[in-house]
Each structure stands twice: as structure tokens, then as C-alpha cells.
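Residue numbers count from 1 along this sequence. Computed from a predicted model, the values in this text were never measured in an experiment.
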Amino acid sequence: MFPYSSENYQIPNPNYRFIPQGQYYNPYSEPGWVWWHSPQDSGGSYRLTAPQRLTFVLVHGSWADSHFWDGVAAVLGSQGNTVYTPEYAGHGTDPNKKVTHAMITNSVVDYIKQLNLHDFILVGHSFGGTVIQKVAEQVPERIKRLVFWDAFVLKDIKRRRIAC
């Protein structure tokens, strides 16, 4: 016997509704209103929309280099996305290890400007979160979205109140 048949299965939440495949029920909309998950063609069949192609700029953490993202970049690229993994100042093959946060940020900004990147998703991991925060201050018009992946976030000291 199928375990979810109506004879032996009680729905834990009586307001829950089973929705046929291809439809999505929004509990916050008007009662009975069903949102379609996919567009339908004139014959009533569902059409799959083409996946959106995105551009990613992936910024690694402090004790890593751009190869940190190789696996993620391969998966994103296999899905038709464009992926960039810049190497910032003081990391990778850069012999100068005496760099400041501003130098690191500027190297990522320069990378973005040299490649003339626009409308991309900027992802920062760990220390890279602080880098993308500062990059976003310099080129906000180029960035579509910021993603902080297990990342540090800088405190906005301009808004901090000092008690007297």
C-alpha cells in the first residue's frame, strides 16, 4: 500500500494543500490563487525557459590563491556561466608579500576594469569578503550582486557612534 494514501495518512497541517506538478502555491496570496511555475504553450504543455547565463568574479581568501576556485569555476562554467578568478596583490606568484588591504582591493578593481566587466556577481570567501566590500565601494555600477561565502564583513566605522 502506498504510504501516503488518504486512508492511512493524516496531513499534519490541515492548511497544507497538495499542488499538481508544475504549479506553485503561494500561502501568502489570495485563497485559491495558484502561481504557475513554468510558462505554458498554446497546447497546455509546459515550456522550459532557457537558463540564465551569469558572470561571476570569485575572490579567494587570505591563505589561498585563485586556484582555490578551480572546482567551483568548473561547475559554473559547465552550466554555461562565465567565471573569472582574479589573483590579487601579494598572493599567488606575486613576490611582494608586503601588501595592504587597499593594494589588494585595487588589484581586483584594476582586474575588473581591464577586462571591462559589467553586470557580474562578485563572490568573496573568507578574507575575500572584506575585499569585495571595498571593491563594491569603488565600482558599484558594474556589480549585479555581492555574495559573502563564509566571509568576513567589515564594520562600517563611519556609522559607529562614539559615546562621550
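Linking Ile, Leu, Val, Met, Phe, Trp and Tyr whenever their side-chain heavy atoms come within less than 4.5 Å leaves V108 and V83 in two separate clusters. Both L115 and Y88 belong to a single network of hydrophobic side chains, linked directly or stepwise wherever heavy atoms of I, L, V, M, F, W or Y lie under 4.5 Å apart. Linking ILVMFWY residues whenever their side-chain heavy atoms come closer than 4.5 Å, directly or via other members, places I132 and V109 in the same cluster. Transitive grouping of hydrophobic side chains (ILVMFWY, heavy atoms separated by less than 4.5 Å) brings V153 and I104 into a common cluster. In the hydrophobic cluster analysis, where Ile, Leu, Val, Met, Phe, Trp and Tyr join through side-chain heavy atoms closer than 4.5 angstrom, V139 is grouped together with V131.
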Review point. Can you list the steps and then say if E87 with H60 is a side chain to side chain contact (heavy atoms under 4.5 Å, CB included)?
Key: CA-CA 8 Å; E87 191 66 78; H60 61 80; 2.8 Å; yes
Note to self: Quick one, V123 with F56, criterion side chain to side chain contact (heavy atoms under 4.5 Å, CB included). Give me CA distance, side-chain angles, the key distance, then yes/no.
What the structure shows: CA-CA 7 Å; V123 180; F56 293 88; 4.3 Å; yes
Check your understanding: Can L154 and K134 be said to form a side chain to side chain contact (heavy atoms under 4.5 Å, CB included), step by step?
Key -> CA-CA 9 Å; L154 296 172; K134 290 299 186 180; 3.7 Å; yes
Requested in this report: Kindly indicate, with the supporting measurements, whether the criterion side chain to side chain contact (heavy atoms under 4.5 Å, CB included) is fulfilled by I121 and V57.
Outcome: CA-CA 6 Å; I121 299 169; V57 176; over 6 Å; no
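For the atom pair CG of L122 and CZ of R142, the computed distance is 12.5 Å after rounding to the nearest 0.5 Å. Expressed to the nearest 0.5 Å, how far CG of L54 lies from OG1 of T82 amounts to 9.0 Å.
No side-chain donor-acceptor contact under 3.5 Å links D119 to the backbone of K144. Side chain of N106 to backbone of A102: a donor-acceptor contact under 3.5 angstrom is found.
Aromatic ring centres of F148 and H125 lie farther apart than the 6.0 Å criterion allows.
With sequence neighbours excluded, the residues forming a side chain to side chain contact (heavy atoms under 4.5 Å, CB included) with A136 are I143, L146, listed by chain and number.
Annotation: ring-ring contact (aromatic ring centres under 6.0 Å, His included) contacts involving residues 94-120, sequence neighbours excluded, comprise H101-F127.
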Considering only distance and modelled atom types, tabulate donor-acceptor pairs under 3.5 Å from the side chains of residues 89-96, sequence neighbours left out.
unit_1: H91; atom_1: ND1; unit_2: A89; atom_2: O; d: 3.2
unit_1: H91; atom_1: NE2; unit_2: S62; atom_2: O; d: 2.6
unit_1: D94; atom_1: OD1; unit_2: N96; atom_2: N; d: 3.0
unit_1: D94; atom_1: OD2; unit_2: G90; atom_2: N; d: 2.8
unit_1: N96; atom_1: OD1; unit_2: K98; atom_2: N; d: 3.0

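Considering V75, L76, D70 as possible partners of V72, the one that fulfils the side chain to side chain contact (heavy atoms under 4.5 Å, CB included) test is L76.
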